[in-house]
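These notes are about the structure you will find just below.
Every chain is numbered from 1, with letters handed out A, B, ... down the list of sequences.
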Protein chains: 2
Amino acid sequence: MLRLSRLTDYAVVVLARMGEEATALQSAPGLAHRTGLPEPTVAKVLKTLAQAGVVEGLRGARGGYRLSKPLPEIKLTEVIVAFDGPIALTACVDGGSGLCESEHLCPVRGRWDPVNTAIRDALEKISVAELAGHALSPAEADFRLAAE
Amino acid sequence: MLRLSRLTDYAVVVLARMGEEATALQSAPGLAHRTGLPEPTVAKVLKTLAQAGVVEGLRGARGGYRLSKPLPEIKLTEVIVAFDGPIALTACVDGGSGLCESEHLCPVRGRWDPVNTAIRDALEKISVAELAGHALSPAEADFRLAAE
DNA sequence: GGAAATGGGACTGGTTTGGTCCTATTTAAG
DNA sequence: CTTAAATAGGACCAAACCAGTCCCATTTCC
């Protein structure tokens with residue numbers, strides 16, 4: 001279905017929430033509570049985002065996570081790549097050869113590259129802030145907390 | 001990995017091969033042999049393509065398939081949609097509501113739409129012919145047959 | 001030293017997908 | 001009129017993939 005992993009979706013939610021107070025240090029449990037997402041999942045998401053350098057993790061008691069750059073500067077591709085791997089339609093990844101067993105049989109080898117770059121370009125222009133949009137309004141936040 | 005189904009890949013291969021003789025009626029077994037792909041798989045691919053209206057299937061002995069329009073006019077999106085379903089990143093499909101259990105909890109609901117349209121636009125501009133490219137050259141065809 | 005947090009994996013249940021096969025239906029040829 | 005060859009449409013099963021959970025090591029503040 002050309003779908004990206006659900007974790008990517010969660011990541012955007014979490015990042016949007018972090019963007020409300022970009023400078024503050026926020027803990028995984030805290031973010032879990034405020035987003036309404038299960039705590040272990042949020043923890044996993046943040047760990048991955050930290051590895052990707054999208055957020056910065058500080059250890060120890062009173063530790064937490066912080067955006068490593070403002071929300072509008074975080075490109076959607078960064079998040080997608082972190083969870084779904086390199087953006088490449090089809091199993092034969094990019095120029096990597098040797099993996100495909102029937103390499104010499106495959107007449108379209110490498111031909112997907114223009115498609116991939118087209119998609120990459122399209123996603124490159126979108127920032128996480130654009131996906132967050134009005135979802136950050138306090139009104140919705142209250143609504144969501146009340147629903148618990 | 002943001003990958004599309006392998007059948008989509010096969011479909012492009014088969015279509016490229018059909019494009020060589022766009023007017024001729026070609027049988028599934030014949031195409032299987034000429035592409036080097038397993039026959040049942042090719043059959044399945046062609047059935048799906050026929051349902052999508054990309055190819056036209058004629059029944060009976062001496063039946064077969066034929067492109068319903070020239071290769072350059074077949075948009076890549078048509079093929080992708082046929083196998084992978086509507087192009088929509090994320091599980092929450094488009095505007096369809098009611099499916100997501102925590103709908104009222106999800107702060108990014110619907111916000112993926114701009115992303116989806118961006119991708120759709122990018123793919124809309126690419127035809128199957130562009131993916132086929134030079135793969136149709138007789139030289140490669142011979143090479144492939146020789147490898148069997 | 002203890003509590004609270006991140007960091008990094010390991011493991012597992014459920015879902016999805018590929019690939020195969022079987023059975024109807026259609027149509028040309030003998 | 002019978003037979004063969006092809007499409008049409010599903011059913012089915014094994015394998016791969018993913019999400020979600022949990023566990024343990026490490027770090028840091030009180």
Side-chain angles (χ1 to χ4, degrees), chain A residues 1-11 13-14 18 24-33 35 37-68 80 82-85 90-91 93 99-102, chain B residues 1-11 13-14 18 24-33 35-66 68 80 82-85 89-93 99-102:
Chain A
M1 206 211 262
L2 196 67
R3 74 184 188 294
L4 36 76
S5 104
R6 199 176 302 185
L7 295 182
T8 305
D9 207 338
Y10 294 157
V13 176
V14 171
M18 291 179 77
L25 207 58
Q26 310 199 53
S27 74
L31 282 167
H33 180 254
T35 54
L37 298 173
E39 196 258 312
T41 300
V42 171
K44 188 174 197 172
V45 165
L46 285 168
K47 280 182 234 178
T48 305
L49 287 175
Q51 278 188 326
V54 176
V55 303
E56 186 184 2
L58 298 185
R59 290 182 155 204
R62 313 294 289 266
Y65 294 94
R66 176 199 302 149
L67 293 180
S68 53
I80 292 180
F83 291 95
D84 302 79
T90 203
V93 177
L99 298 174
C100 186
E101 46 179 45
S102 55
Chain B
M1 204 210 268
L2 197 68
R3 75 186 188 292
L4 35 75
S5 106
R6 197 176 302 183
L7 295 182
T8 305
D9 207 338
Y10 294 157
V13 176
V14 171
M18 291 180 77
L25 208 56
Q26 311 201 52
S27 73
L31 282 168
H33 180 254
T35 53
L37 298 173
E39 196 258 311
T41 301
V42 172
K44 189 174 195 172
V45 165
L46 284 167
K47 280 182 232 177
T48 306
L49 286 174
Q51 278 187 325
V54 175
V55 302
E56 186 186 3
L58 296 186
R59 290 184 155 201
R62 313 294 287 267
Y65 294 94
R66 176 200 302 149
S68 52
I80 292 180
F83 290 95
D84 301 79
L89 296 187
T90 202
C92 324
V93 177
L99 298 175
C100 185
E101 48 180 42
S102 56

Between [X] (side chain) and [Y] (backbone), is there a donor-acceptor pair under 3.5 Å?
{"X": "Thr35(B)", "Y": "Leu31(B)", "result": "yes"}
{"X": "Asp84(B)", "Y": "Leu4(B)", "result": "no"}
{"X": "Thr48(A)", "Y": "Lys44(A)", "result": "yes"}
{"X": "Ser68(B)", "Y": "Gly53(B)", "result": "yes"}

For [N], does either OP1 or OP2 sit under 4.0 Å from a side-chain N or O belonging to [X]?
{"X": "Thr41(B)", "N": "dG18(C)", "value": "no"}
{"X": "Ser5(B)", "N": "dG18(C)", "value": "yes"}
{"X": "Tyr10(A)", "N": "dG20(D)", "value": "yes"}

Any protein N or O atoms within reach of nucleotides 24-30 of chain D? Criterion: under 3.5 Å, listing atom names and distances.
{"from": "dT26(D)", "atom 1": "O2", "to": "Arg59(A)", "atom 2": "NH1", "distance (Å)": "3.4"}
{"from": "dT27(D)", "atom 1": "O4'", "to": "Arg59(A)", "atom 2": "NH1", "distance (Å)": "3.0"}
{"from": "dT27(D)", "atom 1": "O2", "to": "Gly60(A)", "atom 2": "N", "distance (Å)": "3.3"}
{"from": "dT28(D)", "atom 1": "O2", "to": "Ala61(A)", "atom 2": "N", "distance (Å)": "3.1"}

Please list, by residue number, the residues of residues 51-58 of chain A whose heavy atoms come closer than 4.0 Å to an atom of DNA chain C; answer none if no residue qualifies.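 The stretch gives Gln51(A), Gly57(A), Leu58(A) as the residues lying under 4.0 Å from the strand, ordered by number.
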Give the nucleotide from the list dG20(D), dT20(C), dT6(C) with an atom nearest to the side chain of Pro40(B).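 Of the candidates, dT20(C) comes closest.
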When you get a sec, tell me which of dT20(C), dA19(D), dT21(D) is the closest nucleotide to the side chain of Leu7(A)?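 Among dT20(C), dA19(D), dT21(D), the one nearest the side chain of Leu7(A) is dA19(D).
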Do any of residues 43-50 of chain B sit with a heavy atom less than 4.0 Å from DNA chain D, and if so which?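 Per residue number, the list reads Lys47(B), Ala50(B).
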With the side chain counted from C-beta on, respond yes when [X] and [Y] share a heavy-atom pair under 4.5 Å apart, and no when they do not.
{"X": "Val42(A)", "Y": "Tyr10(A)", "result": "no"}
{"X": "Val55(B)", "Y": "Arg66(B)", "result": "no"}
{"X": "Gln26(B)", "Y": "Met18(B)", "result": "yes"}

[atom2] on [Y] to [atom1] on [X], rounded to 0.5 Å:
{"X": "Ile80(A)", "Y": "Leu7(A)", "atom1": "CD1", "atom2": "CG", "result": "13.0 Å"}
{"X": "His33(B)", "Y": "Ser27(B)", "atom1": "NE2", "atom2": "OG", "result": "11.0 Å"}
{"X": "Tyr65(B)", "Y": "Leu49(B)", "atom1": "OH", "atom2": "CG", "result": "9.0 Å"}

Tell me the interatomic distance from [X], atom [atom1], to [N], atom [atom2], rounded to whole angstroms.
{"X": "Glu39(A)", "N": "dG7(C)", "atom1": "CD", "atom2": "P", "answer": "14 Å"}
{"X": "Leu4(B)", "N": "dT16(C)", "atom1": "CG", "atom2": "C1'", "answer": "15 Å"}
{"X": "Tyr65(B)", "N": "dA5(D)", "atom1": "OH", "atom2": "P", "answer": "17 Å"}
{"X": "Arg66(B)", "N": "dT7(D)", "atom1": "CZ", "atom2": "P", "answer": "13 Å"}

Grab the two heavy atoms, one from Ala32(A) and one from Glu39(A), that are nearest each other, plus how far apart they are.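 Closest pair (atom of Ala32(A), atom of Glu39(A), distance): CB-CA, 3.5 Å.
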